[in-house]
Amino acid sequence: MNEAAPTIQVVPGQVVPGQVVPGQVVPGQVVPGDNSTLAYDVERVRADFPILTQEVFGRPLVFLDSAASAQKPRQVLDAMDDAYETAYSNVHRGVHRMSQLCTDAFEAGREKVARYINAGSSDEIVFTRNATEALNLVADCFGRAFMKAGDEVVISALEHHSNIVPWHLLKERLGIELRIAPIDDDGNFLLDEFEALLGPRTRLVAMTHVSNAIGTIVPIKEVIARAHARGVPVLVDGSQAAPHLRIDVQDLDADFYAFTGHKVYGPTGIGVLYGKSERLNALPPYQGGGEMIASVTFEKSEFKAAPHRFEAGTPAIVEAIGLGAAIDYLESLGRDNIAAHESGILAYATQRLGEVPGLTIIGRAREKASIVSFVMENAHAHDIGTIVDRAGVAVRTGHHCAQPLLQRLGLTATARASFGIYNTREEVDALVEALGAVSEIFG
Amino acid sequence: MLDELRELYQEVILDHGRNPRNHRRPEDANRHARGNNPICGDTLVVYLDVGDDGVIRDAAFEGQGCAISIASASMMTDVLKGKTEAQARALFEKFHDLCTKDDFDLDAVDNGAGDDDLERLQVLAGVRAFPMRVKCATLAWHTMTAAMSGEDATSTE
Ligand SMILES: Cc1ncc(COP(=O)(O)O)c(C=O)c1O
């Protein structure tokens, strides 16, 4: 039976134009390198996000759900509008001017992604629909090429469903086995226990870089080193790392690295699979169609090399351009500035939430991204979410698509506040104040 | 802000949420189903003991969930006892309207299953102002109808 569609009452707010201070770097302006010495001005960042002026139930929106999907700065919205208005066409197809302009902008998006994660070449960047498709692509193509019944894939207890279910599908199809690297009760990843799972049948390690549910940062470089020591390649799910951490796929020596555009302040509908050239080109195609073939006769097709081999059909053209704009934006803020800002908020939120009576923080790993999961003694996460929503505070509640992890922690649901480049300490205070109403109602 | 929330979390609901009635697994249940709300991961199992005459002799449930879903399951299992299957289904239909329709009028309803029951269930009508929470209130009922139909699993999706 269908229930009423969810509605949120939103009062249109006023858009505050981004302030430009002479002599300072304007967010969105492309500046080479990393501007990590510039001071971080969160109010100026906020002014770039039109949605943040919205009110919810008469209160200013306090958006603490960026781990699910981040809001978009004007620079991204403008870049996409601009593409549609001035340089839109299908890509890689025509000899005409518009096709060339649009293809250039699309491929510039790929270059920016390569720069963002320090890939050796933009040919190592495959555009997908989202992280889920990137993970499925590797499971499907790598599985077809290199795995058979009894082979093993090692994942961790921290995974999002999108890095579990593709392996279950492969298990059904090929009879592979899954091994789960454990965590301790605080959510720390256990390296030695992980290493002990690597055996003669291990074909691939597929592991999250940062847990979306409890924020744990996995020591992924060490994971990769230990897997490589046994000749096992590693696929990293970087969905939650890409918004927060400086990522260098060459330094990590990752074989594959996946993330999703909408969590790095870019649009939905675009994701990224990085793969080392030799790894990508050793894989069979994912889907068949236009764009991915070198030549086709009625008898057979010859496939292009990566990345085009994996990009059958018309891609998410303007989304790739938008993702490029998001990356420009993040780089203009300075990756280290972002990290410093977010770790400040994380520390403050951890302290303030820790003071709320009856509240327990779930996930106390030594290394965490700015994600805080919690439960309260007398109130279920779902009730917490409803109550703080009425104060304009958006938090995620439930299992966060990580049901096995919550089960491991003896829970079915948590409330989760996640913090991004535009969040402030005042917003942490607003959450804490809103949680007062939970105690008032539930005692 | 607190008014609508107080309307949702009425004392009766909080009490059923904290001390759910019929929260047990009956020995002689002859129907049961597991209900799952995929949005929050809440799971309920509803047990029914239905006599040959089609009358529900006992109704109970197990599971964990938010205050709304537990209170709803608790109240549902209370009102189901003594109802026929047809009456139970009819009651769900009215209850569903009560949870979703702003113009629902209790006085205009003649469901043949006892208006007293709907009147008791009316405390859950507060979910109307919280469309995201309607599924919490109806999960137990969906599960109950699945149990009667002999399905062993259902979902609010
Ligand atoms: C760790 C992790 N992996 C994968 C995903 C899937 O991302 P998407 O839904 O964009 O494919 C998410 C987000 O939902 C995530 O948090």
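Each chain gets a letter, A, B and so on, in the order the sequences are listed, and its residues count up from 1.
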Below 4.5 Å from any heavy atom of chain A, which atoms of B/Leu8 appear? Answer side chain, backbone, both or neither.
side chain

Have A/Asn136 and A/Asp140 got a donor and an acceptor in their side chains that come within less than 3.5 Å?
no

Do B/Thr138 and B/His96 touch side chain to side chain, with heavy atoms closer than 4.5 Å?
yes

Choice from B/Arg18, B/Glu11, B/Gln64 maximising heavy atom contacts with chain A below 4.5 Å
B/Arg18

CA sep, side-chain torsions, deciding dist, call: A/Arg352, A/Glu433, salt bridge (Lys or Arg N to Asp or Glu O under 4.0 Å)
CA-CA 10 Å; A/Arg352 288 298 320 270; A/Glu433 194 195 321; over 6 Å; no

For the side chain of A/Arg416 and the backbone of A/Ile214, is there at least one donor-acceptor N/O pair under 3.5 Å apart?
no

Side chain to side chain donor-acceptor pair (under 3.5 Å): which pairs involve residues 65-75 of chain B, sequence neighbours left out?
B/His16-B/Ser74

Classify the angle between the aromatic ring planes of B/Trp141 and B/Phe92 as parallel (below 30°), tilted (30 to 60°) or perpendicular (above 60°).
parallel

Inter-chain contacts: residues 54-63 of chain B against chain A, heavy atoms under 4.5 Å
none

Sort out for me which of A/Thr386, A/Leu406, A/Asp383 touches chain B most, counting heavy-atom pairs under 4.5 Å.
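Most heavy-atom pairs within the cutoff with chain B belong to A/Asp383.
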
Tell me, yes or no, whether the heavy-atom count around B/Lys81 atom NZ, taken from other residues, nucleotides or ligands under 6.0 Å, exceeds 12.
yes

